[in-house]
Amino acid sequence: MMADRSFVLKILIAACLLSAPAAVQAQTRAETLRQVTGNTINTLDPTMLGATREAFGVSVSIYDRLVAFDRKREGNVWVFDRARIRGELAESYEVSPDGLKITFKLRPAKWHDGTPVTAEDVKWSLDRAVSAKSLAAGQIGTGSLTMPEQFRVVDDRTVEVTLPKPDRLALANLATPLAPIINSKLARQHATAEDPWAQDWMKTNTAGSGAYTVEAFKPGEQIVLRRNENWTGGRDGKLPFFKRVIEQTIPEAATRANLIEKGDADIAIDLQASDVVSLQSGGKLRVDSTPQSNGFTMIVFNTQMPPFDNVKVRQAVAAALPYDGMFSAAIFKRGFPLFNAAWTQPPSGNFPQPMPVTTDLAKAKQLLAEAGFASGFKTTFTINVGSASITEPMAALIKESLAKVGVEVEIQKLPDAQMSTNITEKKLPFFTESSNAWLPTTDYFFRNFFTANQRWNYSSWNDATVADLGAKARFELDAARYEDMSRQMIAEYVREMPLVLLWQANQEAVMALNLEGYTYWFHRQVDFRDLSRK
């Protein structure tokens, strides 16, 4: 299988280079970036319900946004800088003194079809983000961007955004992959009365102005990107180094590691921890290891589905989980644990932080008896095939440990896209997932992960106390009051246990020694525009 996959990737690369004259093929080969991933790009529209993380990542190179986060050095790695936001399609922006208006001046730019980007395109794109049934409305709504009336065209190169209250996350939301600026004239040509925002067409077609155009796309298999030679949205005004990018889905983690080791692929960010250790020790590859400071791995209970609608059942399962064993078996302890804390009251308002959960089978049995399940129950635990190297060891240990308290677990394995759809539709009773907060503040975490009927509320937990505190903290400017509200939300989470935080795994990018510029981004995907070859 390894040889077959390697051969396929080589054939793909060769096919992409056939049009190049022989004299420049070696140079073109050097200017082609090859990424292998265990998951899939299932759509070219990052706002589509069920879009995968890989779809978010590739969209950053296809579409520009008005603004983007900058990056900074931490030790020997690049990480995103949440405190600095720069213009992307916006040449400049200005926030009014009262915080209620943001004015964007657009730089001269062209769509991939050569037509100019206008303020009308920006207005249509933002209207689409708040109006269409998609992931975008839920995301940018966390920055008080909710209605088309908030977006106004001042002139052909100026757009105003107005806010009901000063919201520190309004500008930041416009820097996420869910706020792409779209060629409205092109998209509207493919809109219908039933699909006024051209969502069906944009799943497999693009209308962007970004650094790369799509040369070929096979959903769930691979994408080939070609550099946009007219792009001017880079930090320093320069084009990306790589003229072509190939991202291919290789489900088997061992095969991905083999391709990287042999030089048939340049970079992977989702290898097994054991493979990372082995490849790093070989000295022939580079590993940029960055703590996922804005993310976490979790065990999720569907709080609207029996028996997990019973808080004592959730607490019981939390007490029966084999934390230390999972941490060792799944990620070789390459991360920051979020369990085994000893506090009774939150020591700070920071989230996530280590929580007071630990393995206690006697406590689990007692809680199950109090919940009316003294004899236990049966349930399904779902894992993602794309991350099987991590989730399968976890699932096996969970099955074994819960059996000791009478809970019979059937392990269900789903492909990435199907898993994402089932999570969105709230169909899974008990599962593991990794996620992150693109705009990591405590109130943002709680408003996104623990309130309302939205994609990221994995547990479907709707707690009135948290909803009230989160809504108030969002606009609270006094640091002490904000800290107190944050502690209250964390304490309520611990009492109700809608999901269990496990750890913050390291993001480990394994790459060829001659690659440089890799950056850990809040969306946890590779930004092809950052990378170059020595």
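What you are looking at is a predicted structure, and each value in this text was computed from that prediction instead of being measured.
- We find that Arg188 and Glu120 are not joined by a salt bridge, their nearest charged nitrogen and carboxylate oxygen being 4.0 Å or further apart.
- Checked by atom type and distance alone, the side chain of Ser209 never pairs as donor or acceptor with a backbone atom of Lys110 at under 3.5 Å.
- The closest side-chain donor-acceptor pair between Asn384 and Thr391, if any, does not fall under 3.5 angstrom.
- Here the side chains of Tyr458 and Phe449 are in contact, with some heavy-atom distance below 4.5 Å.
- Here the straight-line distance linking atom NZ of Lys72 with atom OG1 of Thr519 works out to 12.5 Å at 0.5 Å rounding.
- Among all heavy-atom pairs drawn from Lys123 and Pro148, the shortest one is NZ-O, 2.7 Å.
- Ion pairing between Asp275 and Arg256 fails under the 4.0 Å rule for side-chain N and carboxylate O.
- The aromatic rings of Phe351 and Phe296 stand perpendicular to each other, their planes meeting at an angle above 60°, with 30° marking the opposite boundary.
- A 4.5 Å side-chain heavy-atom check between Arg128 and Met202 finds at least one atom pair inside the cut-off.
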task: Before giving the answer on side-chain contact (heavy atoms from CB on, under 4.5 Å), spell out for Arg82 and Leu439 the whole-Å C-alpha distance, their side-chain angles and the decisive distance to 0.1 Å.
output: CA-CA 8 Å; Arg82 63 177 65 108; Leu439 310 173; over 6 Å; no
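- Side-chain atoms of Ser289 and Arg334 form no donor-acceptor pair, as typed in the model, at a separation below 3.5 Å.
- Contacts classified as ring pair (Phe, Tyr, Trp, His ring centres under 6.0 Å) and involving residues 118-138 (residues at least two apart or in different chains) are given here: Trp124-Trp197.
- Across all their heavy atoms, Pro219 and Thr204 have their closest contact at CG-CG2, 4.5 Å.
- Neither side chain, Asn228 nor Thr213, offers a donor N or O lying under 3.5 Å from an acceptor on the other.
- Checking side-chain atoms of Thr206 against main-chain N and O of Gly208 turns up no donor-acceptor pair under 3.5 Å.
- With hydrogens and angles ignored, the 3.5 Å screen pairs a side-chain donor or acceptor of Gln454 with a backbone N or O of Arg447.
- The side-chain hydrogen bond (donor to acceptor under 3.5 Å, both in side chains) test with Tyr520 singles out one residue from Asn294, Thr290, Asp527, and that residue is Asn294.
- Smallest separation of non-hydrogen atoms from Gln292 and Ala505: CG-O, 3.0 Å.
- To the nearest 0.5 Å, the span separating CD on Gln199 from CE on Met48 amounts to 9.5 Å.
- By the 4.0 Å N-to-carboxylate-O rule, Lys185 lies close enough to Asp121 to be salt-bridged with it.
- Taking 4.5 Å as the limit, every side-chain heavy atom of Pro291 sits out of range of all side-chain heavy atoms of Phe336.
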query: Going through the distances and angles, do Val60 and Trp521 end up as a side-chain contact (heavy atoms from CB on, under 4.5 Å)?
result: CA-CA 11 Å; Val60 171; Trp521 286 101; over 6 Å; no
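- Of the possible polar contacts, one joining the Arg107 side chain to the Glu88 backbone as a donor-acceptor pair under 3.5 Å is found.
- Between Thr115 and Asp113, the side chains place a donor N or O and an acceptor N or O closer than 3.5 Å (distance only, hydrogens not considered).
- The two residues Arg71 and Gly517 have their closest heavy-atom pair at NH1-O, 2.9 Å.
- Within the 4.5 Å cutoff, the side chain of Met511 has no heavy atoms near those of the Asp266 side chain.
- Between the NE2 atom in His523 and the OG atom in Ser59 there is a gap of 7.5 Å [rounded to 0.5 Å].
- Sequence neighbours left out, the pairs with a member in residues 43-70 that pass ring pair (Phe, Tyr, Trp, His ring centres under 6.0 Å) are Phe56-Trp438, Phe69-Phe522.
- For the side chain to side chain contact (heavy atoms under 4.5 Å, CB included) criterion with Ile140, the lone passing option out of Val130, Thr146, Leu135 is Val130.
- Judged purely by atom type and a 3.5 angstrom limit, Gln418 has no side-chain atom pairing as donor or acceptor with the backbone of Pro415.
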query: Can Phe301 and Phe430 be said to form a ring-ring contact (aromatic ring centres under 6.0 Å, His included), step by step?
result: CA-CA 5 Å; Phe301 310 115; Phe430 181 40; 5.7 Å; yes
- prompt: Passes side-chain contact (heavy atoms from CB on, under 4.5 Å), Leu515 versus Leu33? Steps please.
  reply: CA-CA 9 Å; Leu515 280 191; Leu33 176 71; 4.0 Å; yes
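- With contacts defined as side-chain heavy-atom distances shorter than 4.5 Å, the pair Tyr212/Val245 qualifies.
- Taking 4.5 Å as the limit, some side-chain heavy atom of Gln504 sits within range of a side-chain heavy atom of Leu338.
- Here CZ of Arg455 is found 5.0 Å from CD1 of Ile423. Values are rounded to the nearest 0.5 Å.
- With no hydrogens or angles considered, a side-chain donor-acceptor pair links Asn173 and Gln139 at under 3.5 Å.
- Between Arg244 and Glu31 there is no side-chain heavy-atom pair separated by less than 4.5 Å.
- Note on ring orientation: taking the six-membered ring where Trp is involved, the planes of Phe446 and Phe450 are tilted (angle from 30° to 60°).
- Within a 6.0 Å sphere centred on CD of Glu261, other residues, nucleotides and ligands contribute 12 heavy atoms or fewer.
- At a cut-off of 3.5 Å, with distance as the only test, a side-chain donor of Asp64 or Trp231 sits close to an acceptor on the other residue.
- Remark: the backbone N or O of Val409 is paired with a side-chain donor or acceptor of Lys399 at under 3.5 angstrom.
- Within the structure, the ring pair (Phe, Tyr, Trp, His ring centres under 6.0 Å) test picks out no pair touching residues 251-275 (sequence neighbours left out).
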task: Carefully, step by step, assess Phe151 and Val161 under the rule side-chain contact (heavy atoms from CB on, under 4.5 Å).
output: CA-CA 5 Å; Phe151 315 120; Val161 175; 3.9 Å; yes
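- Here the closest heavy-atom approach between residue Leu225 and residue Val58 is recorded as CD1-CG2, 3.8 Å.
- Using modelled atom types, one side-chain atom of Tyr93 and one backbone atom of Ile85 make a donor-acceptor pair closer than 3.5 Å.
- For the atom pair CZ (Phe381) and CE (Met394), the distance works out to 5.5 Å, reported to the nearest 0.5 Å.
- Between Leu279 and Val510 there is a side-chain heavy-atom pair separated by less than 4.5 Å.
- Side-chain atoms of Lys426 come within 3.5 Å of backbone N or O of Asn457 as a donor-acceptor pair.
- A salt bridge does not link Lys203 with Asp45: none of the charged nitrogens is closer than 4.0 Å to a carboxylate oxygen.
- Without hydrogens or angle criteria, Arg524 side chain to Gln507 main chain gives no donor-acceptor distance under 3.5 Å.
- The closest side-chain donor-acceptor pair between Thr421 and Glu425, if any, does not fall under 3.5 angstrom.
- Going from atom CG of Asp288 over to atom CD of Glu516 covers 11.0 Å, rounded to the nearest 0.5 Å.
- A distance-only check finds no donor-acceptor pair linking the side chain of Asp70 to the backbone of Arg86 [under 3.5 Å].
- In terms of heavy atoms, Leu174 sits closest to Leu145 at CD2-CD1, 3.8 Å.
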